[in-house]
Amino acid sequence: MRTIVCGENIVKSYGAAGEQRNVLNGVSAQIGEGEFVSVMGPSGSGKSTLLFALSGMDGIDGGTVSFDSMDLSGLGENALADLRRRRMGFVFQQPTLLKNLNVLDNIILPSMRDNRRAAAELTDRARVLMLKTGIAGLEERNITQLSGGQLQRAGICRALMGNPQVIFGDEPTGALNSATAQEIMDIFSGICADGTAVLLVTHDAKVAAQTERILYMRDGSIVSELRMAKFGGSGLEERIRKVNGRMQEIGI
Amino acid sequence: MYYKIIRNDIAASKLVTLTTTVFVAAAAMLVSLAAILIVNLPGAIDTLMTQAKTPHFMQMHSGDVNTDRLADFARENGNVDQFQVREFLNVESSRILFNGNSLAGSVQDNGLSTQSEAFDYLLGLDGKVIQVSDGEIYVPLAYMKDGTAKIGDKAEIAGQAFTVAGFLRDSQMNSLLASSKRFLVSHQDYAELAHSGSIEYLIEFRLKDLSGLNAFEAEYAAAGLEANGPALTYPLFKMLNAISDGLTAGILLLISVLVVAIAFMCIRFTLLAKIEDDYREIGVMKALGLRVADIKKMYLAKYTAIAAAGCAAGYILSLVFKGMLLENIRLYMGVSSNSSIALPVGIAGVLLVFLAIVAYVNIVLNRFRDISAVEAIRFGTSQQDSSAGTKRFRLSRSRLLNTNIFLGIKDVLARKKLYLTMLAVLVIAAFIIIVPQNLYHTISAPGFSTYLGIGQSDLRLDIQQTDDIAGKTAEIAKAMHSDSAISKYTVLTTKTFRARTPDGLEERLKIELGDHTVFPVHYSQGTAPVLGNELALSALNADELGLQVGDDLTLMLLDKETPATFTVSGIYSDVTNGGKTAKAAFTGGSADIMWSVIYTELADSSLAAAKAAEYGERFAFAKVSDIEEYIAQTFGSTMSSVHRTSQAGLVVALLITVLVTLLFMNMLAVKDRYSIAVLKTCGFTGPDITLQYVARAVFVLVLGIAAGTLLANTLGESLAGLVISRLGAASFEFAVRPLAVYVLVPLMMAGAVLIATLLGTAGAGRIQIAEQLKE
């Protein structure tokens, strides 16, 4: 499997000089093409920091991060923005849609930045994605008129508009009820099946249990890794037990 | 607790707090200055006119005077308190020299006078009645201001030597708008010079009851007494004394209203932004059971502190600058009788600003009532759909606009209320720039004299206060006829007729006879008189006689008793001869000629000054004025004030534009940091974000300039018309210089807005995604 995202010995610290605290202590992690990976760990373990570092959204203080064999440290602000727009997608716990735009405009926004003349094609693609994620018909709605689940689906559609090679999700189901969360996970599984890698940060064992590889973090380091077969829709209880079992083993 | 809240809040938003305080201070300073000026001005005028015992009614008269008849009239009229006939010795300006330089270029009628014994005193700069010794001359203040003379200078009047002993305040003729200037000499010197010029009589009355002035004026006219010259009254003298500083006070008040409005808008914007920022916290406080009044107090505390600091600073600044503002009043009129209450009134003005700000903040904070605790806690922002009316403006349908520009415009449309503040400031800024510029351009345009009753020509020759006016005028006309440098000229002769209105009112009317189509003035209504039975009236006369265009008026023409009916063909503005004039095309009538005027156009206008000098020398009995020079001297100080105002307006407006745009854009960038982070996760770059802010600013700017220009050319024109009407013009239209107003002003404002936007949003592109979005 070809590696898409690769972090080697990542160090990230916060705080003023002399009082710095390492949030990531030399973490290494890889994500392969079309792979479904999750990161678990207690609050403050460095999960989200790792996700932001691997995606290039936050700078690092040591180590390297590369995307498709390209060293991100060598890229300028604009090149990183281009990379995020054209080859990555992002989904957060709180829906990050713009209040001024309707749902459709929010979804096509990043793609329109590059190719506004293709508005018709982009609109068609957005409609297909909306159909796939179950929010067809909401195109003209203002985002204040959508539920949390619908907003998250719209966010996923936006992340998928540029055919990204990887989607980064920071607790994307954290603010949803369990039924809606499961629907969102089904969408992520489908995305992976289509060949896009997904890296999720989560607290939820049920969410992690549906991914193929789980990275366990504690105090800024990956302390364990659990590999499982692709989730086919059955045997979820067993997978959850495994995820929790590993957590107990390593004491987190 | 409030101290802590204020301190933390100010520390978190230093730029915003400072800018708001600066605007409040400026507003307070201007209000205080305007109040101080408004209190001082009438007091100073009263002091001057009381000390000088200014006449309540004055009739100027050239020609013989029957003093006994006038004295009889005064004795028999129950309202006359004091009466005197004073002489004004009109001396040819070229025969008045200071240190060897003559006043030949002056358009003023300069002359000598002695000190009065009863009233109409000429005062020294100490406010006392001047006692002048032989060989001394006291000079009108205007000549001190323009540097013509200083104390100790050698003066020469018609060959007789004098020493400038001081300067005088003339309660009638201080203003440059008064066309005569009186120099004070001793009775002895006056007697020696009495034959060096023509004598004009000032027939002056002080009344027991000033409210009976109009009736007295009518009685004087009806008595058929000496009236070969303009008649002037106490209120007119008062107005002439008030006009220049009154205008300054008016402009100050207008600007202070605008600055107060800007200060209010800054406060509104920062408050709205703060409320949006603290939406969730406000919701939590409400949920915890805090009353709206308690929450309001926390926000009110900061703005009360800003208002107090700004107002205190503004008042102190007004004390620093008041000297500059009162200098002119002190010089021309002396110390105001009201000066002791000026400072308390200034404090009252500043207090008013303070209370207005606190009340305004209180009103804006009433929005807390509309915040739903549940909604605020759940969503953190207002869920009101603000994009109403912008739904049709969709990214998916926007193929022409760059996505960043689309986002910029969309943001403005979606958050109209927020941007309304910036829009209003830009409208005001455009207004402040354009109106004084248009006004200056209009009054400095060659055609402006036509608004004032002076035809647009190159030279004007006045033949008056001489014998055989008709013959002398014909002599000049003959010379002009054969002068190839003169392309056209017209002779206008003024005579006095008795006029009777349809409702029986009888008036003496000065009518300028001749062809009024050669150098037409601007008619606010109707047209110039062309037919023999047509008559045009000055606005003042039309007003007084109650006549409109098309109305009839009966004049006593031949033998002064033969009535003839005339129709009013037009109404025009006039500032000459007391503003009460008329024009007609007929010739003849048996009345005596009062004066003649010849208007002349040269083949080459640039030779006007040389030609004026040539004719002045050749026909010493005529007063020859180069019209441009005439306008420059009469309205020069007004024009230069307006020019200075327009330049100051430009600087102030651009400064306001930069400050307010900087403030708004900086606040917006801080407020929008979450949205900026979202856009950055979507792959928008720093320059993309900057372009979005520039698009917002430019969009608001375009609307602001359009509205500002429109307002300047409508409301501004009316306001400028009010100013111009003070100068005597009844109707008025802006003469717009399109390149300046439609190209240069927008370019300058665009430059200011762009610089401020780039500075204000410099940090926006550098916002770290992780800091904003990491849970």
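A note on names: the letters A, B, ... follow the listed sequences, proteins ahead of strands, and every chain is numbered from 1.
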Does any heavy atom of chain A fall under 4.5 Å from the side chain of B/Leu679, the backbone, both, or neither of them? side chain
Please flag which part of B/Asp688 lies under 4.5 Å from any non-hydrogen atom of chain A: side chain, backbone, both or neither. side chain
A quick test of your reading: do over 12 heavy atoms of other residues, nucleotides or ligands sit less than 6.0 Å from [atom1] of [X]?
X        : atom1 : result
A/Asn22  : CG    : yes
B/Leu288 : CG    : yes
B/Lys671 : NZ    : yes

Region of [X] in contact with chain B, defined by heavy-atom distances below 4.5 Å:
X        : result
A/Asn78  : both
A/Ala120 : both
A/Glu140 : side chain

Checking side-chain contact (heavy atoms from CB on, under 4.5 Å) for the pair A/Leu104/B/Arg394: CA distance, chi angles, key distance, verdict? CA-CA 9 Å; A/Leu104 179 65; B/Arg394 292 174 195 158; over 6 Å; no
Using only atom types and a distance under 3.5 Å, with no angle test, would you say the side chain of A/Arg113 pairs donor to acceptor with the backbone of B/Phe684? no
Roughly how far apart are [X] [atom1] and [Y] [atom2], rounded to 0.5 Å?
X        : Y        : atom1 : atom2 : value
A/Arg85  : B/Thr681 : CZ    : OG1   : 12.0 Å
A/Glu77  : B/Lys680 : CD    : NZ    : 4.0 Å
B/Leu395 : A/Asn106 : CG    : CG    : 9.0 Å
A/Leu98  : B/Asp411 : CG    : CG    : 9.0 Å

Minimum heavy-atom separation for A/Ala119 to B/Ser396, with atom names? CB-O, 3.6 Å
Shortest non-hydrogen pair, B/Lys410 vs A/Asn100, comes out as CE-O, 3.0 Å
Among the options A/Leu101, A/Leu80, A/Asp82, pick out the one with the most heavy-atom pairs lying under 4.5 Å from chain B. A/Leu101
Pair count under 4.5 Å, heavy atoms only, with chain B: among A/Thr123, A/Leu109, A/Leu122, A/Ile108, highest is A/Leu109
Side chains of A/Arg158 and B/Val678: does their closest heavy-atom pair fall under 4.5 Å? yes
